[in-house]
*Asks:* 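Please see the structure below; I have some questions.
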Amino acid sequence: EVYSVLRNTFKLPSFRENQLEAINATLSGEDVFVLMPTGGGKSLCYQLPALVKSGITSGTTIVISPLISLMQDQVHHLLQNQIKAAMINSKSSASQRKQTFDLFVNGFLDLVYLSPEMISASGMVRNAIAALHKKKMLARVVVDEAHCVSSWGHDFRPDYKALSYFKTEYPEIPMMALTATANEHVRMDIIHNLNLKHPKFFKQSFNRSNLFYEVLPKKKTVVEEIAQLINRKYKNMTGIIYCHSKNSCEQTATRLADYGIKCDFYHAGMTQDDRQRVQLGWQTNEIQVICATIAFGMGIDKPDVRFVIHLTLPRNLEGYYQETGRAGRDGKHSDCIMYYSMRDARTLQGMILRDKELDRFNKEQHVNKLRQVTQYCENTTDCRRQQVLQYFNETFNRKDCHKQCDNCINGENFEVEHRDMTAFAKNVINLVKTLNGENLTVIQCQDVFRGSKTAKIVNSGLHLNEYHGNGRELPKMEIERLFFHLLREGFLEEKSVMNAAGFATNYLVLGPKANDVLSRGKKVVIPFTRSKTTRLETPSLSGTANKENKAPQFLSAKHRSLCSTHLNHSRDSTMASDTTLKDMAMKLPTTKTEYERLDGMEKNQTQYFQKFERVLGALRQERD
Ligand code: ADP
Ligand code: MG
Ligand code: ZN
């Protein structure tokens, strides 16, 4: 029956990975959790079984979906395929609602889409569900975009919390939760909040092999840069530019239009009609590029999106993954470009800290997530795929990237140095070992290792821990790489813990292989890379609470910049000693006189001021 519905109703020749398995599980009455990347084909996992009569349960399938536009889109498609589907939400008119309602309550619908507030707010809907259930005509309950149930997801909807209602009232009715957000916290939140019973879990690799990932430094001329890129590389090809605010969407669209690019903007401040017009224009290729906030894209299925650009860094990696996931659904090569600047990261952090909707706990979580995004941006060494997939708890072998990310390509322009980091690694592992039940996130542990004295650290006495500050001499970037490596190799791991409010947080604990390093003499060797070309490194976002460390980190970035200028200009003669370079990095002299007064300056070196001037200027600008 399943295959016949697939071919005759959906007109599809075969299943994609995990679809059949998920369908069979729900038809045999089990709770199911489907984790599939955006565009993977989640809808079919519940639309198809809704039409199958021979399952353990049959009748009407209820689908909870967070957005009216999503429901409209799906119901429209289903009706085109002669499938009995309808939706009930607060936006439909009273008469419309009544009509759908009658169909629903009498069991005439195969699929009914409900918005979550219908469950929490409408007694009528709850009564109808009860009536259906009594007649044994409630087949299953599906929660699409289930990450909305988790405040950890990037898209929390308070009404989703009320969905625990289903398992409480109807424990034997199978539920299915679907999402593209693979983070372990989110998964735990979903299972916990929906009360799923030992759900069958279907997950596939999140790697999207046809997407190219790149992070570029964001300059003042970024919009011009994008305009040229579009006109040169993506002529007449479809793309999305994600902007962080309504204003930015509108301004970017206006400026790109000056370059003859057919573009428009899309954000939540527009009327429903305007949004629909823009979306349609884009889907029918009248609009080439859309400048949008993250309000755009959920459930929109345009196969030939050739590029997704983030004009501003996203707030978390789940969001980044979903937004970039909208590129290349047709499987063809597509680019994902993110423009990163420290200033944007600070702006976003400020917005989180000022957000009145978030309590202290949530603010800390959001700031942590943002820091993970900045770590991603600033990590110019590890494969982008490896970084993102590790975040989603997936192990990925770098060679499978096939040079489809900037770091794998740039690897060729870097000198690789394999450094024995065993001593530091032991200290980090011991640090985690001595936490004695104190729950710390990866970021907090990095802070302790680096010797920060944030309020959290001092309050919990961690500044007295013998490993506090053990990594003080390492640049921040190297500490981040060390932790990344220790997690990847299983020397450390993250454990999800649910707090009283029902939210999960990841804490750092010893990994299964911790003792290999601590007692079995396993060496920890990490490849570090040095650019062969000059590239201005951006200082790291070290959090508001971590000011004492900012100067040295920024300094070391400056120092490296100056060093590379030094190396580029004089392979063997000495333009400046190490001492001079360090002092120069600190003072960033503006005049020749200031330059001549730097530490360790020799007479014959004063002539090189000119050579450093450009990079000094750039660094001063960055500092100011
Ligand atoms: P998701 O909800 O996971 O983001 P959708 O369910 O919207 O993805 O599906 C994305 C696209 O994949 C749709 O165009 C859908 O028709 C197509 N699709 C889904 N399953 C199959 C299949 N088995 N064979 C071919 N195309 C499929
Ligand atoms: Mg979907
Ligand atoms: Zn790569």
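First listed ligand is number 1; within each ligand, the first listed atom is number 1.
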*Asks:* Answer yes or no: is there a side-chain heavy-atom contact under 4.5 Å between Val186 and Glu318?
*Replies:*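 They are in contact (side-chain heavy atoms under 4.5 Å apart), so the answer is yes.
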
*Asks:* Is there a side-chain contact between Arg140 and Val142 in this structure, where contact means two heavy atoms from C-beta onward sitting under 4.5 Å apart?
*Replies:*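 Answer yes - side chains close enough.
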
*Asks:* Can you give the angle Cys383 SG - the Zn ion (ligand 3) - Cys405 SG, rounded to 10°?
*Replies:*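 Vertex at the Zn ion (ligand 3): approximately 120°.
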
*Asks:* Heavy-atom contact under 4.0 Å between Gln19 and ligand 1?
*Replies:*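 It does; at least one heavy atom falls under 4.0 Å.
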
*Asks:* Quick check: does Cys401 put an N/O/S atom under 2.8 Å from the Zn ion (ligand 3)?
*Replies:*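 It does: Cys401 brings an N, O or S atom closer than 2.8 Å to the Zn ion (ligand 3).
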
*Asks:* Should Asp330 and Lys302 count as an ion pair when the cut-off is N to O under 4.0 Å?
*Replies:*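 Looking at Lys302 together with Asp330, the answer is no, because their closest N to O distance does not fall below 4.0 Å.
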
*Asks:* Select the closest option to atom 23 (N) of ligand 1 among Ser14, Gly41, Pro13, judged by heavy-atom distance.
*Replies:*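 Answer by nearest heavy atom: Ser14.
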
*Asks:* May I ask you to check whether Tyr340 and Tyr376 place their ring centers less than 6.0 Å from one another?
*Replies:*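 So the answer is no for these two rings.
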
*Asks:* Would Tyr46 and Asp144 count as having a side-chain donor-acceptor pair, cut-off 3.5 Å?
*Replies:*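 Asp144 and Tyr46 do have a side-chain donor-acceptor pair below 3.5 Å.
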
*Asks:* Could you tell me which atoms of ligand 1, counted from 1 in the order shown, lie closer than 4.0 angstrom to a heavy atom of Phe15?
*Replies:*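 That gives atoms 23 (N) of ligand 1.
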
*Asks:* Which of the numbered atoms in ligand 1 are below 4.0 angstrom from a heavy atom of Ser43?
*Replies:*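 Counting from 1, the qualifying ligand atoms are 2 (O), 5 (P), 6 (O), 7 (O).
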
